[in-house]
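Heavy atoms only: backbone and side chains are in, while hydrogens, waters and symmetry mates are out. The structure presented is a predicted model; accordingly, all values stated were derived computationally and were not measured.
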Amino acid sequence: MSAHRQGAGCGGAREEATIFRSLRRWVEEPSARVIVAVSAISLLTAFFAFIREVVLAARFGTSRVVASFVALSGLQAVGIVVLADAVGLGVATLLIRREQTRSALLRFSLAAALGVGICQYAGAHWLAAALTGDSGQLTREVTTGLRWTAAGSMGIVLSGGVGGALSAANRLRLNATLSLLSTLSCTAAIVVIKSARVAIYGGWSASMAVVAVASLVLLERNPRSWFSTTARPNFDVLIVAGPIALATLLNQSSFLIERRVGAGLGQASLASIGFGQKIAIAPSGILLSGFAAWVLPRFLRLGHNDVARLHRELVRNLRLILGLIGLPSILLIFLAAPVVHLILQHGAFTAADASTTAEVLRGYAWGLPSIGGYMLVMRAAQAIRRYRLVVVSAGAGLVTTAALVVPLTAAWGVGGVTSATSAGNWVGFGLCWLLVSRALRRERISRASNGTASRPDAGGSLTADHAAIVHDRV
């Protein structure tokens, strides 16, 4: 028996040594250093965003302005952020493939930003009515907020294009640093400015716009090239990123459902949804920021050169992400009340507000791992150009959320609203993983039978030489 235990102990020691060797090899890779650096900057960004939420809750509580900002942030998540992500993905993909010039893509980003700002300002009243479902004071406040934040929405879209260009150039640290600067300026506005509207609407909008223009200047230092009349904005961005943007639109539409149902429960519930969401995404957002910046170009190259390796890396990273996000999710489920009490219950934020926000947080927490998993699987689908699978999965998740939100809200109140979102996230992620995993196996078999290791360059993928150059730079 003692010999058996000794053998088991030696086996455990060897396994532990193997794990540490694998971890050490991963840390020594250049890609790992990029993830660590971007995640460290994201940690600072999350810290100051946390400070901003604490000060916002203490100074303004769940007031109408705060509830209004939560409502319009739902519109931004569905429309503005989706467009910005699409622009960023399209710019990064086209630049990595060397299919378009950077100046042409940045001109498109600037044109898209201007169009978004004009549409948001002109249609503020109709958008506010659609968000809140009434014509009372909350709708009028949301209308004001949409007009104040039109410039910030322009900044988000422009930042998406600039961020895609920075990712394609492997300037991931600069991209993360610009995000940190925008968060710092937003936080400063909340701390310093006394007026709720100026601090919340004006501070956010000015921060987004100024940082976007500054990042554009850093990337493209010849302003004349932005407004060149000899070349039109390149709309290939939408062709490349359109399907992924549609999938993201469907996935993010749950935010609109949340805001619409939350508005019916009162402005305190609506504001609590915003605070609960910010607390919920803080642990996972830090890690996902680093992975999201690195995964897209990495998966694009593997999708061209080695599908089998892409599948292996997807599985490995998926296990890592689900494990790392799963632990804080479990803690948030059981410790929601004390966490909210510790973070937010100060000043104008009452005990009743804290109780409502804790319910919101529990609903969000159990769905957090699915967000990280979905991000990875969606990038793998993009790498092998199986966009339809992502759209179908996102649509299934949205249908699940829409079907469950009314019965769960009736049963659990505001916590049921966010639980419906989590259920939809898990359905979307699970279906996307099944479909993409099967597609990867079929792609590997197809290429093996054709005697090719990679997709032909006629499809617009990276050339082998360029893939090797970019891989060395990463």
Side-chain angles (χ1 to χ4, degrees), residues 67 70-71 73-79 81-82 130-134 246-281 283-285 322 325-326 328-334 336-337 340 355-375 377-378 389-436:
V70 171
S73 68
L75 174 65
Q76 290 166 348
V78 173
V81 175
V82 168
L131 280 171
T132 59
D134 61 32
L246 176 59
T248 307
L249 175 65
L250 293 172
N251 191 50
Q252 296 286 83
S253 293
S254 60
F255 287 114
L256 280 184
I257 297 175
E258 287 177 3
R259 270 54 174 181
R260 184 64 181 265
V261 176
L265 298 176
Q267 70 180 44
S269 295
L270 181 57
S272 295
I273 288 175
F275 286 118
Q277 181 189 24
K278 295 297 177 58
I279 297 175
I281 64 177
S284 59
L322 293 178
I325 299 179
S329 299
I330 294 173
L331 293 177
L332 286 176
I333 291 174
F334 292 100
V340 173
S355 177
T356 304
T357 305
E359 295 178 23
V360 169
L361 183 56
R362 291 190 189 96
Y364 275 130
W366 65 275
L368 291 178
S370 65
I371 298 175
Y374 181 82
M375 182 274 293
V377 178
M378 181 179 68
L389 305 182
V390 184
V391 173
V392 170
S393 303
L398 179 62
V399 170
T400 301
T401 299
L404 293 179
V405 67
V406 172
L408 291 183
T409 302
W412 300 336
V414 69
V417 177
T418 52
S419 291
T421 299
S422 292
N425 288 339
W426 275 111
V427 170
F429 161 60
L431 181 60
C432 192
W433 163 244
L434 291 175
L435 295 176
V436 171

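Interatomic distance, F255 CZ to S73 OG, rounded to the nearest 0.5 Å: 8.5 Å. Atom-to-atom distance recorded for L398:CG and T421:OG1 is 10.0 Å, nearest 0.5 angstrom. How far CG of N425 is from CD1 of I371: 5.0 Å, rounded to the nearest 0.5 Å.
In terms of heavy-atom proximity, F429 sits nearest to Y374 at CD1-N, 3.4 Å. Across all their heavy atoms, G363 and S419 have their closest contact at CA-OG, 3.5 Å. Annotation for A71 and R259: closest pair CA-CG, 3.6 Å, computed over non-hydrogen atoms. Closest approach of Q277 to V360, counting heavy atoms only: N-CG1, 4.5 Å. Nearest heavy atoms, L332 versus L368: CD1-CD1, 4.1 Å. Shortest non-hydrogen contact noted between T400 and V427 is OG1-CG1, 3.6 Å.
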Pair up each side-chain donor or acceptor in residues 401-408 with any protein partner under 3.5 Å, not counting sequence neighbours, and list the distances.
from : atom 1 : to   : atom 2 : distance (Å)
T401 : OG1    : G397 : O      : 3.2
T401 : OG1    : A420 : O      : 3.2

Hey, can you pull the donor-acceptor pairs under 3.5 Å for the side chains in residues 268-275, sequence neighbours left out?
from : atom 1 : to   : atom 2 : distance (Å)
S272 : OG     : A268 : O      : 2.8
S272 : OG     : T357 : OG1    : 3.4

**OP:** Could you please spell out the steps behind the side chain to side chain contact (heavy atoms under 4.5 Å, CB included) verdict for R362 and W412?
**Re:** CA-CA 11 Å; R362 291 190 189 96; W412 300 336; over 6 Å; no
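Under the rule for a side-chain hydrogen bond (donor to acceptor under 3.5 Å, both in side chains), S254 has no partner lying at least two apart in sequence or in another chain.
Remark: the backbone N or O of W366 is paired with a side-chain donor or acceptor of W426 at under 3.5 angstrom.
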